[in-house]
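See below for the structure under consideration.
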Amino acid sequence: MGQAQEQEFKQLLKEQYIYRETLALISWDMHTCLPKKGLEQRLETVGFLSEKLHELQTSSRMKELIELFKEDAADRVLQKSALECEKIYNKQCVIPAKEYKEYVMLRSKSEALWQEAREKSDFSLFQPYLEKIVEYNKRFANYWGYENHIYDALLGQYEPGITVKTLDEVFPKLRKELTTLLKKIQESKVEADSSPLYHYFSEQNQEALSLELINRIGYDLEAGRMDTSVHPYTFGISQSDVRITTRYNENDFQIAVFSALHEAGHGLYEQNFSESLKNTPLAEASSMGMHEAQALFWEGFIGRSKAFWETNADLLEKYAPAGIHTLSLEQIYHSLHAVKPSFIRVEADEVTYPLHIMIRYELEKGLLTGEIKAADLPQIWNEKMEEYLGIRPETDREGVLQDIHWASGDFGYFPSYTLGYIYASQLHSALSKTVDIEETVRQGQFSPIKQWFTKNVYQYGKMKKPLEIIEDLSGEQLNPDHFVHYLNKKYKKIYQF
Ligand code: ZN
């Protein structure tokens, strides 16, 4: 391979990176501070830049260079970049342009209809659009190809290496354990509820507390910032500019603090990709689930631990109202671990959350294979909620219509949320072999943890698939036992069973 070709390939990768960086910056702006009247013009700009990026990703020259570099083992980063570019190329080129355009239009109509249906709590308004979206996704899955199950084609877009076969083994096992644990918690005499934490806590003080906390765990505020948005999110603009957002409720400070820790977890991942991945498509998370695992680790495993609030008691005293900072450590810890089945996924606790995901997974799979008809969704949804969580939604709004994912055509995405918990627990177990996590956190020493993650997870970006990361660390495949063990140990103490 000539040097000129290498230069050309690197240059093309860099140009694509610049478009992605610009689009991410615009996206941050749109979510945080864009004036309402600026939206229309900005959307035109987004359309223009996206088209340019698409042209670069799918040009015939790009295809030639992909072929040339995907076999070249001399430079691993270039080779892996070529393979990643090939994935993007195939994903975009295999769908006929006309069909894709129709789909994009259908999707925006479907999102609008979903919104209306949700407001009116009437699934029948959304149903015909959902049917069409499912049909398109079936067609796309067939274009992309799969070996065993049509759903694998969609799942693979978000979670490379994970298949229906794996999930069908792991999810039922996990479900059994979670429902058993939930039953024990519900039967316990101990009642943990969050209400001791509900005190007026000014937004300004919540912001100051959140900033100090994320700074302590190692999120680099000189390579990022924290703003406010309706849905907390992480905007990886470049490795040296990873911005997060949070949201506030002045009567429940948990929302802001745990959103900030969650997003800072995502942020830590993106701030610590290896320098060698700069300007390549590999400077991204290994998968959606692995990204989620980093957020859940810092939010849940660290942020909700007793040691974390012990070491950060000084900050609570500095910023929190007296009603909160005079609570005992034990009271705070208990209040942070209220478990109760609820209808809305995004409000669920860590014990019941994965059960919400399993319901969606089973329904998506059934829609894709045709075993479930869209018209039957509300009823099957409610039945499964009753079976898994023991509660039955009264309305479509708090049932089948609560998430935007299906309206946006994001089939195959939901499992990543539960995989995030499983990966995080496996990483937590691996970390605990070299670091005394509780003691380290109690001393406020977060850097050994961050260093471990940088060395074993963060730096690789997309160089490794999620299960390669897990296997290299533990020799294991996907194993839900670590998550089950972690939850049982923790809740056993809190609920005394
Ligand atoms: Zn997240």
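Bear in mind that the values here come from a model prediction, so they are computed numbers and not experimental data.
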Salt bridge (Lys or Arg N to Asp or Glu O under 4.0 Å) partner of D168, chosen from K173, K365, R175: K365
message: I'd like to know if the side chain of Q379 pairs up with that of E383 as donor and acceptor (distance under 3.5 Å, no hydrogens or angles considered).
response: yes
query: Does the pair H31 and F235 meet the rule for a ring-ring contact (aromatic ring centres under 6.0 Å, His included), with working shown?
result: CA-CA 10 Å; H31 282 88; F235 301 87; 5.4 Å; yes
- line: Minimal heavy-atom distance between G303 and L261, with the atoms involved, is CA-CD1, 4.0 Å
query: With under 30° as parallel and over 60° as perpendicular, where do the rings of Y269 and Y458 fit, or are they tilted in between?
result: tilted
query: Stepwise, does the ring-ring contact (aromatic ring centres under 6.0 Å, His included) test hold for F453 with F297?
result: CA-CA 11 Å; F453 273 97; F297 178 82; 4.6 Å; yes
task: State whether a side-chain donor-acceptor pair under 3.5 Å links E292 with Y423.
output: no
message: Let's go through D349 and K490 carefully: what are the C-alpha distance in whole Å and the side-chain angles of both, what is the deciding distance for salt bridge (charged side-chain N to carboxylate O under 4.0 Å, His left out) to 0.1 Å, and is it a yes or a no?
response: CA-CA 14 Å; D349 54 78; K490 182 160 80 167; over 6 Å; no
From H334 atom NE2 to L329 atom CG, the distance as rounded to the nearest 0.5 Å: 10.0 Å
message: If I compare all heavy atoms of R304 with all of H337, which pair ends up nearest, and what's the gap?
response: O-CE1, 3.1 Å
statement: Interatomic distance, CD1@I470 vs CG@N479, rounded to 0.5 Å, equals 10.0 Å
- prompt: Taking it one step at a time, do F414 and Y361 satisfy ring-ring contact (aromatic ring centres under 6.0 Å, His included)?
  reply: CA-CA 7 Å; F414 277 121; Y361 165 65; over 10 Å; no
- request: Supply the atom-to-atom distance E191 CD to K340 NZ, rounded to the nearest 0.5 angstrom.
  value: 9.0 Å
Option among L209, N312, D252 that satisfies the side chain to side chain contact (heavy atoms under 4.5 Å, CB included) test with V257: L209
Derivation and outcome, ring-ring contact (aromatic ring centres under 6.0 Å, His included), residues Y421 and Y417: CA-CA 7 Å; Y421 279 107; Y417 293 114; 9.3 Å; no
query: Roughly how far, to the nearest 0.5 Å, is CH2 of W381 from CZ of F343?
result: 11.5 Å
- line: Rounding to 0.5 Å, atoms CG (L155) and CD (Q157) come to a distance of 9.5 Å
query: What's the shortest heavy-atom distance between S110 and I133, and which atoms?
result: OG-CD1, 3.8 Å
Polar contact flag, side-chain donor to acceptor under 3.5 angstrom, H482-S429: yes
field: From OG1 (T369) to NE2 (H149), nearest 0.5 Å
entry: 5.5 Å
- request: Check whether the ring centres of F140 and Y103 lie less than 6.0 Å apart, and answer yes or no.
  value: yes
